Amino acid sequence: MLSRVTGQLFHIGKGSLPIISSPITGERAKKMSMETALRMIFIVLFLGWLMVWVLLPTKTYKQAWTPKLKIKLNSSYFGEQGTNLLLFTFPMMFIAALSCVYLHIQKKPKNFNSKSVVKSNLLAFWRRPLLVMAPLGIVTAMELAFAAMFVVLLIWSLSNYLYVSFGHLHMHKAGEKVYVIILLGFPHRWQAKFRSVSLRLGYVGNICWAFLFFPVSRGSSILPLIGITSESSIKYHIWLGHLSMILFAAHAIGFIIYWAMTNQMAEMLQWRKNGVPNVAGEIAIVFAMAMWVTSFPRVRRKMFEVFFYTHHLYTLYIFFYVLHVGSSYFCMILPGIFLFLVDRFLRFLQSRQRARLDSARLLPSGIVELNFSKSQGLTYNPTSTLFINVPSISKLQWHPFTVTSNCNMEPDRLSIVIKREGRWSQKLYQELSSSVGHLNVSLEGPYGPTSSPFLRHESLVMVSGGSGITPFISIIREIIFRSQSANLHIPRVLLICAFKNSGDLTMLDLLLPISGTHTEISKMQFQIEAYVTRENEQTFTESQKLLQTIWFKSDPSDSPVSATVGPNNWLWLGAIISSSFVMFLLFLGIVTRYYIFPIEHKTNETYHFTLRALWDMFLVCICIFIASSAIFLWCKKQNAMEVKPNLNLEVPTPTTSPGSHFHVADRELESLPHQSLVQATKVHFGSRPDLKGKGSLPIIISPITMERTKKISMETALRVIFFVVFLGWLIIWVLLPTKIYENSWNDKLRTKLNSTYFGDQGCLYFSGPNLLLFTFPIMVIAALSCVYLHIQQKSKNFNSKSVVNSRRLAFWRRPLLVMAPLGIVTATELAFAAMWQAKIRSVAMRLAYVGNICWAFLFFPVSRGSSILPLIGLTSESSIAYHTWLGHLSMIVFAAHTIGCILYRAVTNQMSQVFEWRRDGVPNLAGDIALVFAMAMWATSSTRIRRKMFEVFFYTHHLYALYILFYILHVGAAYSCMILPGIYLFLVDRYLRFLQSRQRARLVSARILPCDSVELNFSKSPGLIYNPTSILFVNVPSISKLQWHPITIASNCNIEQDILSIIIKREGSWSHMLYQELSSFSVDHLNVSVEGPYGPTSSHFLRHESLVLVSGGSGITPFISIIREIIFQSQSEELDVPPVLLICAFKKFADLTMLDLLLPNSVSHTQISKIKLKIEAYVTRENEQSFAESQKHIQTIWFKSHPSDSPISAALGTNSWLWLGAIISSSFVMFLLILGMVNRYYILPIEQKNNETYHFTLTAFWNIFLVCTCIFIASSAIFLWCKKQNAKELEGVLYLQVPTSPTSSGSQFYVADRELESLPRQSLAQATKVHFGGRPDLKKILPECEGSDIGVLVCGPRIMRHEVAKICSGLANNNLHFESISFNW
C-alpha cells in the first residue's frame, strides 16, 4: 500500500519559487519531435528493407510472395522490374530523400549549450575497439557485431538458395544441358548441384553490391543518420569489395569449371538476346580483378597512382555488371549506385569551379598551409576533409586533406595543412617554393560529421604522430571558440604529439588561429606533451628559420569555396534525389509502356535482355544529369548574388618560426597569444610517448576496469540475445493467424516437431510445436535474464560519471495521454497499445484466439519478483496498469466470444452444447465456468468498487486460481502451451512468495507519529540489498490473515544495514485497526509476515542533473528513501549527486513530522551539508502554525523478540537472481522431461491400444499437474537450501534498538531559541520553507525549474499525478522527465 491521500487536489495559484527561464523553447521541442518521428520512420523502413533481403532466398518468398507480387506489381509500365523497384529500390531512396530533411532540421538549431549535450554511455561499449589486427585494422564492437550479422545474412541467403535449388534442379532454361545431366542419373547429378552453387554465389555477391556504394558517397545523407562519415566508413567499402570479389571470383571459376565438365565452353562467348549475357559478366570480372589486385595494401601504399588510376575502371565494371545481371537484379542494387552517381555528378559540377587561393605559408618543416577564400554561408564541423586537385601537378589526382580552420572563428577563410611526404605533395611544395603568382586549384567538399561528438566527453586525450595532428587543430580551434561563452562547459584537453625533428614543432603553432588572444586561450584547460623522437636536444637553427608567406593574385574565374548547392544543401540534395528518382520512374514507365511493350506485343517475344538494362542505365544517368544540373545552376546563381566580391585577404604572419616560441627565455611569455600556449606545453627529446603504461604522462585512472568491461560485454551480449529471441517470439504471434503459418509452416512443424514424446496430432492441437515456438523462447529469456540481473547487481557502480544521462528514449517515456480510465500513458505504452489494436482488427473473426493473445501477456506484470520486467526498466508495481488493460481487453473479447457462441447455438437449436463436456474436443462447460469466475473478478475490479470496497475486490480476485484451471481445461494442452510462459513465471513467483511468507519477520520497534502515521522497524539481514522506492508486502494475521498491503520502504540499505523501516498512514480500515492495536500499548509482540522487498534494479533517478519530487500527504514516503540514498552517495568525494527540490503538500501542520523522517538517525550535520536539498512544504487546511500540535511527543514501542521470528532476508539469499534462474530452468527442464515420459510411456500406449485420441481434458490436467509439481519440487529444494545458508549467516544478528527523539521533530522548524546546527535534523530546517493555507502552483513551478535534464517524480493522489504528467508532456517542457510512483494507477 503506497501512500494513499484523500481530499481535494491542488488549484492553480501563485508560487513563491524563483523564476528561471526554461532553456528549451517550444520551437526546439517541435523540432526534436520531428527528428524523433523521422528516426522512427527510418528505422521501420530500413528494417523492412533488410527483412526483404532476409526473406528473398526462402521458399516463402519464391512460392508465396513472388506470384502475388508479380500479379499486383508487374505492369505494362514497369514490366518485371516493378516488384524489385518497390521492395528493394523505393525504401532506400525514400530514406535518402527524407534523411536530407532530417539533417536540415538537425543542422539549423545549432545549440552550443553544453547542458544539452548528451553524455551517453549507452553505446560506449559498442564504440570501443575490440579487434586490432591486419588486414581489418581497428574494429569496434559495433562494427564486429554488424559484420557478423552481415556474414550471417550471406550464409543464410546461400544456404536457403541452395536448399531451394537442390530441391528443384529441373528448374532451368529450356535447351540447357543440365536437363541431360539430371536424366543421366546420380553420378552426374552433382554437376547440376555444382552449377547451382556457382549461380547462388553470384546471388550472394549481389547482396554485397547492394551495400557496396553507400560508404563511398561522400555527401551521403544516409551515413550521417548512423553517425559516420564517408572517410571513416571507407573500410566498410573495402570489406564489402573483398567479400564480393571472393564470391564473384568463385562464381566465375565455378561456371568455367562447370562448362568445361559438360563440354559447354562455347557458353563463355554467348551473348543471348533473352538471357544472361555471359560475355558481359566475363568483361566485368576482368575489370573487377584489375581493381581488386591493385587495391591490396602493399600495392596501394607503394604504387598509389597504379591503384588510383585502375580504380577508375569502376564505371566500366558497373556498366558490364548491370548488362550481365539485367534490369531486375539492377533494381535490387540500384539505391547504392543511384546515390553514388548523384554524389559523383555533384562533385564533378563543384570541381569545375576554380577555388580562390589567397595565400600559402611554407613552414620550415616541409609543411604547407593553404588559405582559401570561402563564402560565409559555408559551415562545416571539425575534422572535415577537403579533396584537392592541382591541374599543374596532375589533372586526375584528388587528395583528401583535413580542414584546420574553424568556420565560426574564421568565417571568410578555409585553411588546410599539407605535409611534404609523397610525390604529389613534394611537387606542390616545390612549385610553391618557386615564384608563383597564381595557382589553379579545384576542390570537392568539405565533407565531414554533422555534429561535434567529441564535446560529449568530460575530457579529451588526443594522440597524434607527425602530420596526424591536423584534425586536432580543427578540434582545438572549435573548443577555443566555444570557450568564449561563459555558460558553456568544455572538455579538458591533453594533446600527446610525436614528431621526428624539432622543426616539426612549428605544427603546434597552427593550433591557434591568427585572431586568437591570450584571454580566449586562457579559458580552456589545455596541456600538450610533445615528443621529438629523432633528436636528443633542440636545434636552434631549425627553430629560427623564417616562415615564407606567398600571396596569390586574384583571378576573375576564381570563386570562394562554397557548398555545392548552397547553405540549405541538405534540402537541395533531397530535392535532387527525389526529383531525379521520380523522373526516372516516370520515364521508365513511359518507355516500357509505349516503346518496349508494343514491340513485345508485336513480335510475341521478350524484349532484348541487354537493351532493357541499357535503357535503365541511360534513364538513371539522364535523370540525375537533368535534376542535378538544374538545381546546381540555380544554387550557383543564388550564391553569386549573395557572395560579395572578396578582397585578397592579407593574413598577418609572424616573421619567425613559431616553434621558437617554446625556447626563447628572454621574451615575455604573455606577450603574444602563441606564447600563452607555451605554459601548457612540455617537450620531450629522444623518446616516444609511453602510451601503454608508466611514463612521463600524467596518470589518469580509468573509471572502467577490465573486469567491469567484461561485465559490460556480457550484459550487452545478453541484451542482444533477449532482443533477438523476443522479436522472434513476437513475429511468431504476428504470423500465427496468417495463411503462411497455416498452409506452409504448420505442416513442416508438425512433421519435424510432433513426436511420441510431446504429441503427434498437429501443430494447433497438441503441445509439441507450441512448446518450442511459444513457451521455450520466453523461458530462455526468463532464465538468462536472472544471470543478467545478477551481473548487473554485482557490478553496481555508484560513480556518477558512469551514470547514463541518455535522452535517446526520453521521448518514449514522456506522457502523451492523461485521461480516465487509462491514467498516465507514455509514448511507448501508446505505441504498443496501437499494435494491439491493429492485431485485434486483423483477427476480428477469431475473438477467442485474440483473447488467448491477451492471456499470453496477462500474467507478466503481476509477477513481483519477475526477471523479465527489469530488462525493460519496469517493476511489478509500475506495470500493474498493463495487467489492468490486458484484463479489460481479454474480458471484452471473451465476453463477445461467449455471447456469439450462445447466439449461434440458440439460432441453430443447439443450446444443449452449452453444457457439453466432450471427451475428445473442447469442453464448453469448462469455458462457461471459467467465464463466470472471470466476470466476478472483472465486475469487482472496476475503479469505483475497488476504491470503495477494497476487500470485496481483494478477496474476489483470489478466484484467479479457479479461472486459470477451467480456462486451461477449456482451451486444451496445445493452446495452454502458447500462454504458458506468463502463467509459469507467475506460479514460480507466487510459490516463492508463499514460502517467504511462512516466516515471521522480527519486528524491533514501532514509532507512532503525531500525524496518525506509524513507522515499523524490522530487523534485516546485512546481505539484503534493495534500491530506493522499493516496496514490502505486509500481512498482520491479528488483523487479517489474507490481506497483504504494499508499503514503501523508507530506510536505506547502505546507511541502515541492519534495519528496514516502513511508514504506514492511518487511512483505510486495515491501517486504522493496526494504528489502534499499536496505540493500546498492551502489545509487546506483533506477528508480522512480509513478502519482498520488490523494486527497481538500479537508482535510475541519479541520471538526471536535478530532481523535483512532488508529493501529497503520505506520498512523501518513497522520497524519504530517495533522499537517504542521495545522502549516502554524497559521502564519496568523487560523486556528483543531483540537487533536490522537494514539494510536499499536507492537510495539517502535524503532518510536517513526516519531514523529520527524511534523515536517518545515524546521519551527521556534515553529511547533510553535502547535499543540495530545498523543501517547499504546503499546509493546505491550516492558515498558521499550531504550537500545541508541534509539541506532541513521538511514542515508541519496543517489541520482545520471539525465537520463531527472523530478520528479513531475500527469499533466495544474496545471489537471488542466480537462484531464481536455477529454479526457472531446472523446473522447466524437469517439466519437459516428465511430460515427454508421460506422453511416450503412458498416453501413447493408451491411444494405440484403444485406437482413439487420449481424453482432451485429462491431457490438460496432466500439463497443469506437471507444471505445479515441477515448480513445487525445484522451488522448495532451492528455497530450503538458501534458508539453511541464511540461518548460518544470521546467527550473529542481535536484537536492535533504534534511538529516537522524544519530541515531535516537527517542532524543530519553529523553536527559535535552539541552536539550528545542534542536531542534524535542525540542519534540515534551513532548507525548509513552510506555506500555510495554499497549495503548490505546479503549473508555474515546474516549467520554471532550471536545467536541461530534470527528473520530476510524483507520488500522491491520482489527480495530482495526472496534473504533473500533463505539465511534463507539454512540448515546451522537454527538459522535464516525468515518472509516477504509485501502486494504483
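Quick caveat, the model's predicted, so the values are computed rather than measured.
The six-membered or imidazole ring of Tyr531 lies near that of His684, with a centre-to-centre distance under 6.0 Å. A centroid separation of 6.0 Å or more is found between the aromatic rings of Tyr314 and Phe213.
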Would Phe401 and Leu386 count as a side-chain contact (heavy atoms from CB on, under 4.5 Å) here? Give the steps. CA-CA 5 Å; Phe401 294 98; Leu386 195 72; 5.5 Å; no

Using side-chain contact (heavy atoms from CB on, under 4.5 Å), reason through His312 and Leu396 one step at a time and then give a plain yes or no. CA-CA 10 Å; His312 281 79; Leu396 293 177; 5.7 Å; no

CA sep, side-chain torsions, deciding dist, call: Trp424, Ile388, side-chain contact (heavy atoms from CB on, under 4.5 Å): CA-CA 11 Å; Trp424 185 89; Ile388 293 182; 4.1 Å; yes

Going through the distances and angles, do Arg354 and Ser559 end up as a side-chain hydrogen bond (donor to acceptor under 3.5 Å, both in side chains)? CA-CA 6 Å; Arg354 298 298 183 194; Ser559 59; over 6 Å; no

side-chain contact (heavy atoms from CB on, under 4.5 Å) assessment of Ile469 paired with Leu495: CA-CA 9 Å; Ile469 197 175; Leu495 174 61; 4.1 Å; yes

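In this structure, Asn389 contributes its side chain and Gln397 its backbone to a donor-acceptor pair below 3.5 Å. Of the possible donor and acceptor atoms, one in the side chain of Arg300 sits under 3.5 Å from a partner among the backbone N and O of Ser295. Distance alone, capped at 3.5 Å, places no donor-acceptor pair between the Lys419 side chain and the Gly366 backbone. Distance alone, capped at 3.5 Å, places no donor-acceptor pair between the Ser351 side chain and the Ser442 backbone. In terms of modelled atom types and a separation under 3.5 Å, the side chain of Gln350 and the main chain of Gly445 share a donor-acceptor contact. Between the side chain of Ser474 and the backbone N or O of Thr383 there is at least one donor-acceptor pair closer than 3.5 Å. In this structure, the side chain of Asn371 does not engage the main chain of Asp358 through any donor-acceptor pair within 3.5 Å.
Once rounded to the nearest 0.5 Å, the distance linking CG of Leu460 with CZ of Phe526 reads 10.5 Å. From Met462, atom CE reaches atom CD1 of Ile476 across 4.0 Å, with rounding to the nearest 0.5 Å. The distance from atom CG of Asn408 to atom OG1 of Thr379, rounded to the nearest 0.5 Å, is 8.5 Å. The distance from the CG atom of Asn440 to the NZ atom of Lys395 is 10.5 Å, given to the nearest 0.5 Å. Atom CD of Glu529 sits about 6.5 Å away from atom CG of Leu494, to the nearest 0.5 Å. One finds the CD atom of Glu421 at 4.5 Å from the OG atom of Ser467 (value rounded to the nearest 0.5 Å).
Residues Ser405 and Tyr380 bring a donor and an acceptor atom of their side chains to less than 3.5 Å of each other.
Contact check for Ile496 versus Val461: side-chain heavy atoms found under the 4.5 Å cut-off. Between Val683 and Phe499 there is no side-chain heavy-atom pair separated by less than 4.5 Å. Contact check for Thr681 versus Leu505: no side-chain heavy atoms found under the 4.5 Å cut-off. Side chains of Phe387 and Tyr447 form a contact here, defined as non-hydrogen atoms less than 4.5 Å apart. Counting heavy atoms from C-beta on, the side chains of Leu439 and Leu432 come closer than 4.5 Å. The closest side-chain heavy-atom distance from Ile418 to Ile367 is not below 4.5 Å. In this structure, Asn501 and Glu535 have side chains that are in contact, with non-hydrogen atoms separated by less than 4.5 Å. Counting heavy atoms from C-beta outward, Val216 and Asp343 have side chains that stay 4.5 Å or more apart.
Of the options Glu478, Arg482, Arg413, a side-chain hydrogen bond (donor to acceptor under 3.5 Å, both in side chains) to Asn406 is made by Glu478 and by none of the others. A side-chain contact (heavy atoms from CB on, under 4.5 Å) with Ser628 is found for exactly one of Leu341, Thr564, Ile576, Leu573, namely Ile576.
When all heavy atoms of Pro446 and Leu414 are compared, the closest pair comes out as CG-CD1, 4.4 Å. When all heavy atoms are compared, the tightest approach of Tyr429 to Leu362 is CE1-CD2, 4.1 Å. When all heavy atoms of Val463 and Phe472 are compared, the pair lying nearest together is O-CE1, 3.4 Å. The two atoms that bring Leu339 and Phe214 nearest to each other are CD1-CE2, 3.8 Å, heavy atoms only. Of all heavy-atom pairs spanning Ile528 and Cys497, the tightest one is CG2-SG, 4.1 Å. Nearest heavy atoms, Gln426 versus Arg420: CA-CG, 3.7 Å.
The aromatic rings of Phe345 and Phe348 lie parallel to each other, with less than 30° between the two planes, well short of the 60° mark.
For residues 428-454, the pairs satisfying salt bridge (Lys or Arg N to Asp or Glu O under 4.0 Å) are Arg218-Glu444, Arg347-Glu444, with sequence neighbours left out.
Phe307 is linked by a ring pair (Phe, Tyr, Trp, His ring centres under 6.0 Å) to Phe304, His311, counting only residues two or more places apart in sequence or in another chain.
The neighbour count for Phe625 CZ, taken as heavy atoms of other residues, nucleotides or ligands under 6.0 Å away, does not exceed 12.
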